[in-house]
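To start, the structure under review is shown below, and the notes come after it.
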2 protein chains.
Amino acid sequence: MSIREVAEQAGVSMATVSRVFNRPDTVNAVTRAHVLQMAQTLAYLPNASARSLRTQRSRVIGVVLPTLLNPVFAECLDGIAKAASSAGYAILPITTDYRLESEELAVQQLLAGNVDGMLLVVSNPATSSALARLRTANLPYVLAYNQHPDHPCVSVDSERAVHELVARLAALGHRRITLISGQLAASDRAQQRQRGFSAGMQALGLDGTQWLEVPFVETAVQDICALLQRSPRPSALVCSNDLLAIRSIRAAHLAGLRVPQDISVTGFDGIALGEDLTPMLSTITQPNAEIGRHGVQLLVAAMAAGEAVSPASSVLLAHGFRAGESCAPLS
Amino acid sequence: MSIREVAEQAGVSMATVSRVFNRPDTVNAVTRAHVLQMAQTLAYLPNASARSLRTQRSRVIGVVLPTLLNPVFAECLDGIAKAASSAGYAILPITTDYRLESEELAVQQLLAGNVDGMLLVVSNPATSSALARLRTANLPYVLAYNQHPDHPCVSVDSERAVHELVARLAALGHRRITLISGQLAASDRAQQRQRGFSAGMQALGLDGTQWLEVPFVETAVQDICALLQRSPRPSALVCSNDLLAIRSIRAAHLAGLRVPQDISVTGFDGIALGEDLTPMLSTITQPNAEIGRHGVQLLVAAMAAGEAVSPASSVLLAHGFRAGESCAPLS
DNA sequence: TTGTATGCGTTATCAA
DNA sequence: TTGATAACGCATACAA
């Protein structure tokens with residue numbers, strides 16, 4: 001069903017039908033009603049490819065995420081999807097599983113896929129070849145969760161958040177605090193959180209060099225469990241994300257420790273599920289959906305203006321702290 | 001950068017450049033190398049819209065899901081994304097938040113978006129107006145998680161799974177078992193699970209009429225907590241999904257009950273996170289990623305053949321049972 | 001207010 | 001093995 005058939009059936013020109021859909025105000029009311037009626041009965045839908053080809057815009061936003069298996073990104077994508085939809089955009093998501101070559105491939109694919117802009121979470125903006133490629137393509141893009149002066153970013157101040165968190169734990173009496181981190185090399189967020197940890201500990205005169213890097217999900221629980229069985233053990237674990245915190249609680253259980261009575265555990269991300277757990281996760285909360293929404297908003301504005309998103313429009317959204325139950329005063 | 005410019009720069013015709021990309025074997029090796037080289041230096045990428053317009057296929061699969069905030073669907077989408085990608089398809093997901101009007105709108109949008117096929121999870125295939133519309137559009141589609149004789153479906157046998165589960169609980173000594181269900185009206189899965197519960201209980205000579213329908217996430221914990229404070233209380237809760245199971249465990253905690261010592265709780269879905277919880281979730285596992293993968297596979301085959309997916313190709317994948325720790329013999 | 005005609009970038013048909 | 005060309009469905013400049 002094409003615009004031509006609708007035009008023929010309605011007894012008007014293709015141009016008129018086109019105008020009915022794109023600039024309804026420029027066509028006579030009765031003609032418009034007639035055309036609309038005809039389009040309706042013929043179940044006419046404008047062909048997106050033809051429209052994109054002609055207008056040179058697809059109304060599609062490409063999205064590059066590490067994974068959907070971490071609820072942080074699922075929540076964010078949900079925000080992206082809603083914001084995009086209400087701005088009249090569709091989304092085309094690709095996951096990279098934290099693999100650098102996938103990042104570059106994803107950007108490549110999206111470039112070829114004719115997207116109008118891209119929203120991405122990369123491993124490390126400073127070294128990302130995907131970003132380099134994207135820049136030369138001159139396509140509007142925004143980074144989410146990443147933070148870098150040369151790129152437009154929507155994130156929270158991870159470093160400060162963890163710094164504050166450490167102070168909070170210290171105020172509860174904790175002195176032996178260990179950081180449980182994801183792969184530092186694979187994520188600028190992990191690095192920022194680690195810096196916040198070290199700085200926070202140092203500011204309190206505590207030892208900020210104790211951390212465990214957990215490279216693989218599969219062995220995370222074992223690794224943490226092993227750490228907890230060494231003596232002396234920490235009285236608090238600062239985990240660089242909520243999934244690690246959940247696994248730390250599991251590890252504590254396997255090591256025969258109660259949370260929070262024997263050991264405090266904190267997370268980072270504020271995934272919704274954490275609120276339903278027992279003990280409820282004590283964690284730094286990020287507005288995940290809002291991060292997505294805001295990113296889309298910046299992107300849409302830039303695409304409308306036909307220009308790149310300025311790094312100057314980067315924003316740090318407010319983080320929060322959910323007290324939860326996985327964290328208690330040192331007894 | 002268009003095919004025409006590449007052709008000019010390479011000193012060949014547009015047709016040859018096109019062939020280099022689409023049927024490389026039909027063009028002379030040195031010509032091909034030359035064109036490829038030129039395309040490379042010009043950073044040429046074929047325009048997806050033009051290609052779609054010409055070939056009448058977009059190589060995009062539309063995906064309609066209730067939400068990404070339930071890890072079940074995030075895991076499934078992950079499987080879909082990977083399968084689609086390796087088959088050369090992109091995906092265009094839309095979430096409906098379990099709202100019927102959104103389902104119809106989503107189908108409408110995807111139809112207009114020129115997708116080659118659709119993979120969807122609807123509330124209820126029997127009554128879905130979205131599906132009716134989709135059928136008249138004559139576009140290949142597959143349902144996931146849903147189950148209905150008139151449609152091609154990829155799912156597990158929910159009814160049997162819950163039936164078996166009830167028997168398992170009874171074998172542990174449980175007699176007073178209550179079903180915690182999501183909105184029955186909003187989901188055929190919930191209905192199937194409820195039927196499995198009733199049938200399973202009845203087969204054992206137990207009272208299969210005890211169930212609590214939890215319509216809203218916001219009040220789920222309170223509602224379940226209230227149930228647990230009535231006397232006599234059930235010794236086991238069969239939850240119709242993992243998120244409800246997690247909230248039930250929370251509710252038990254708030255009611256002063258220990259899981260599984262005071263009350264057993266089982267889930268349904270097998271979300272990965274359940275394995276890291278303490279107590280580890282006892283649950284019926286579905287191969288969520290595999291459901292997505294299989295759906296894509298059926299769809300891709302049908303799209304290649306240019307025909308609809310037959311309801312006869314519906315498949316019930318095997319479910320499993322994760323013993324976990326949230327479930328124990330009646331003491 | 002409406003119609004005519006062109007071109008967006010590609011693939012496919014046909015001829016060379 | 002290659003080239004010329006038409007057509008996919010649409011939006012828009014321009015003419016009426």
Side-chain angles (χ1 to χ4, degrees), chain A residues 1-39 42-60 88 90 111-116 137 139 304 306, chain B residues 1-39 42-60 88 90 111-116 137 139 304 306:
Chain A
M1 182 49 46
S2 77
I3 207 175
R4 149 173 261 131
E5 302 179 58
V6 177
E8 282 168 5
Q9 292 297 315
V12 299
S13 72
M14 286 166 51
T16 296
V17 177
S18 176
R19 278 188 285 255
V20 165
F21 285 95
N22 298 298
R23 319 195 46 219
D25 46 308
T26 70
V27 36
N28 180 287
V30 325
T31 318
R32 190 200 315 152
H34 179 58
V35 169
L36 241 22
Q37 163 66 34
M38 189 55 68
L42 295 179
Y44 165 73
L45 291 176
N47 181 300
S49 303
R51 171 178 288 179
S52 296
L53 180 58
R54 175 61 228 238
T55 61
Q56 304 287 55
R57 13 181 276 156
S58 61
R59 295 206 146 278
V60 174
L111 247 22
N114 255 7
V115 300
D116 290 346
L139 194 78
Chain B
M1 182 49 45
S2 78
I3 207 173
R4 150 173 262 131
E5 303 179 56
V6 177
E8 283 170 1
Q9 293 296 315
V12 299
S13 72
M14 285 164 51
T16 296
V17 178
S18 176
R19 278 188 286 255
V20 166
F21 285 96
N22 298 298
R23 319 193 46 220
D25 46 308
T26 69
V27 36
N28 180 287
V30 325
T31 317
R32 189 200 316 150
H34 179 58
V35 169
L36 241 22
Q37 163 67 34
M38 189 55 69
L42 294 179
Y44 165 73
L45 291 176
N47 181 300
S49 302
R51 171 177 287 177
S52 296
L53 179 59
R54 175 63 229 228
T55 61
Q56 304 287 54
R57 13 181 274 156
S58 60
R59 296 204 147 279
V60 174
L111 247 22
N114 255 8
V115 299
D116 289 347
L139 194 79

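Order of the sequence lines sets the chain letters (A, B, ...), proteins ahead of strands, with each chain counted from 1. The structure presented is a predicted model; accordingly, all values stated were derived computationally and were not measured.
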For nucleotides 3-7 of chain D, give me every protein contact, N/O to N/O, under 3.5 Å, one pair per line with atom names.
from  : atom 1 : to      : atom 2 : distance (Å)
D:dG3 : OP2    : B:Ser13 : N      : 2.9
D:dG3 : OP2    : B:Ser13 : OG     : 3.1
D:dG3 : OP2    : B:Thr16 : OG1    : 2.5
D:dG3 : N7     : B:Arg19 : NH2    : 2.8
D:dG3 : O6     : B:Arg19 : NH1    : 3.3
D:dA7 : N3     : B:Arg54 : NH1    : 3.4

What is the distance, rounded to the nearest whole Å, between atom [atom1] of [X] and atom [atom2] of [N]?
X        : N      : atom1 : atom2 : result
B:Asn114 : D:dC10 : CG    : C1'   : 12 Å
A:Arg23  : D:dC10 : CZ    : C1'   : 15 Å
B:Ile3   : D:dT2  : CD1   : P     : 14 Å

With a 4.0 Å limit, can you tell me whether [X] has a side-chain N or O closer than that to the phosphate oxygens OP1/OP2 of [N]?
X       : N      : value
A:Arg51 : D:dA11 : yes
A:Asn47 : D:dC10 : no
B:Thr31 : D:dT2  : yes

Distance-minimising heavy-atom pair for [X] and [Y]:
X        : Y       : result
A:Ile3   : A:Val17 : CG1-CG1, 3.4 Å
B:Asp116 : B:Arg59 : OD2-N, 2.7 Å
A:Val20  : A:Leu36 : CG1-CD1, 3.4 Å

Could you check whether B:Ser18 gets within reach of a base, just the sugar-phosphate, or nothing at all, counting any heavy atom under 4.0 Å? base
Under 4.0 Å, counting only non-hydrogen atoms across every strand here, what does B:Tyr44 touch: a base, just sugar-phosphate, or nothing? sugar-phosphate
Got a donor-acceptor contact below 3.5 angstrom from the A:Arg32 side chain to the A:Pro24 backbone? yes
With side chain to side chain contact (heavy atoms under 4.5 Å, CB included) as the test, would you mind laying out the steps for B:Arg19 and B:Val12 before giving the verdict? CA-CA 11 Å; B:Arg19 278 188 286 255; B:Val12 299; over 6 Å; no
For the helix from C:dT1-D:dA16 to C:dA16-D:dT1, what is the angle between the axes at its two ends, each from 5 pairs, rounded to 10°?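 The angle separating the two end axes equals 30°.
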Residue pair A:Asn22 / A:Arg51, side-chain heavy-atom distance below 4.5 Å: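 Yes, at least one pair of side-chain atoms sits under 4.5 Å.
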Does the side chain of B:Met1 reach to within under 4.5 Å of the side chain of B:Leu45, using non-hydrogen atoms? no
How long is the gap from CG on B:Leu53 to CG on B:Asn47, to the nearest 0.5 Å?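 If I round to the nearest 0.5 Å, the distance is 9.5 Å.
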Go through the side-chain N and O atoms of A:Asn114 and B:Ser49 and say whether any donor and acceptor fall under 3.5 Å apart. yes
At the 4.0 Å heavy-atom cut-off to chain A, mark where contacts on DNA chain C begin and end, going 5' to 3'. C:dT1 to C:dG9
